[in-house]
Amino acid sequence: MSKKFARMNVFEFASENAFEIMTERYSKIRDDTYGGIEFTVNVRTGPTSGFSLSIYESEAAIDATEEPHRAFLAGNDDLIKDVFFHSGEVSSFATSMAMTKGIVEPG
């Protein structure tokens with residue numbers, strides 16, 4: 001199995017509803033903008049904060065999305081008060097969750 005790479009984003013949003021707006025915008029461009037992405041989870045960590053983790057099929061795939069990712073963030077500066085992200089090699093991954101395609105709606 002080839003090495004996987006991940007990008008972790010930490011967000012502080014401009015408003016409480018910005019998380020949902022950003023998630024909707026992301027879902028529309030995800031497949032075309034983030035080639036090689038295999039998995040994404042978005043977590044609301046507070047009323048105006050969130051965390052996102054995306055796993056890519058290879059180092060080349062994550063590297064190819066760096067500039068489009070920066071452009072997506074810049075294009076959503078109306079929603080984002082602060083953001084930082086880090087990327088690196090995935091050292092382990094385990095799940096018992098069923099995988100779904102696209103965005104999972106809250107139940």
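The CD1 atom of I55 sits 8.5 Å away from the OG1 atom of T40 when rounded to the nearest 0.5 Å. The CG atom of N42 sits 5.0 Å away from the OG1 atom of T23 when rounded to the nearest 0.5 Å. A distance of 8.5 Å separates CD1 of I80 from CG of N9, quoted to the nearest 0.5 Å. Taken to the nearest 0.5 Å, the CG atom of L79 stands 7.0 Å off from the OG atom of S15. Separating the NZ atom in K81 from the CG atom in D77 is a distance of 14.5 Å, to the nearest 0.5 Å. Note that NE2 of H69 is 7.5 Å distant from OG of S52, once rounded to the nearest 0.5 Å.
Every salt bridge (charged side-chain N to carboxylate O under 4.0 Å, His left out) that E20 has, sequence neighbours left out, goes to R44. By the salt bridge (charged side-chain N to carboxylate O under 4.0 Å, His left out) test, E66 pairs with R70, sequence neighbours left out.
For the pair M22 and L73, the tightest heavy-atom approach, listed with the atom from each and the gap, is CE-CD2, 4.0 Å. When every heavy atom of L53 is checked against every heavy atom of A6, the shortest pair comes out as CD1-CB, 3.9 Å. Shown here for G36 and A61, the closest heavy-atom pair between the two residues is CA-CB, 4.0 Å. The minimum heavy-atom distance linking G46 with S49 is given by the pair N-OG, 3.1 Å. In this structure, F19 and G50 approach most closely via the heavy-atom pair CE1-CA, 4.2 Å.
Taking the six-membered ring for Trp and thresholds of 30 and 60 degrees, H86 and F84 have ring planes more than 60 degrees apart, a perpendicular arrangement. Ring planes of Y34 and F72: perpendicular class, angle over 60° (limits at 30 and 60°). Between F39 and F93, the two ring planes are perpendicular [angle over 60°; tilted spans 30° to 60°].
A 4.5 Å side-chain heavy-atom check between Y26 and S54 finds at least one atom pair inside the cut-off. Between E12 and V83 there is no side-chain heavy-atom pair separated by less than 4.5 Å.
Between E89 and K4 there is no salt bridge, since no side-chain N of the basic residue sits under 4.0 Å from a carboxylate O of the acidic one.
Residues Y56 and S87 have side chains that never bring a donor and an acceptor to within less than 3.5 angstrom of each other. Side-chain contact annotation: R7 with T65, donor-acceptor N/O pair under 3.5 Å present. Defined by atom type and a distance below 3.5 Å, a donor-acceptor pair is missing between the side-chain atoms of S2 and E57.
Side chain of T33 to main chain of R30: no donor-acceptor pair is present (N/O by atom type, distance under 3.5 Å, no hydrogens or angles).
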Next on the checklist: Walk me through whether N76 and R25 qualify under side-chain contact (heavy atoms from CB on, under 4.5 Å).
Outcome noted: CA-CA 9 Å; N76 287 283; R25 290 178 184 177; 2.6 Å; yes
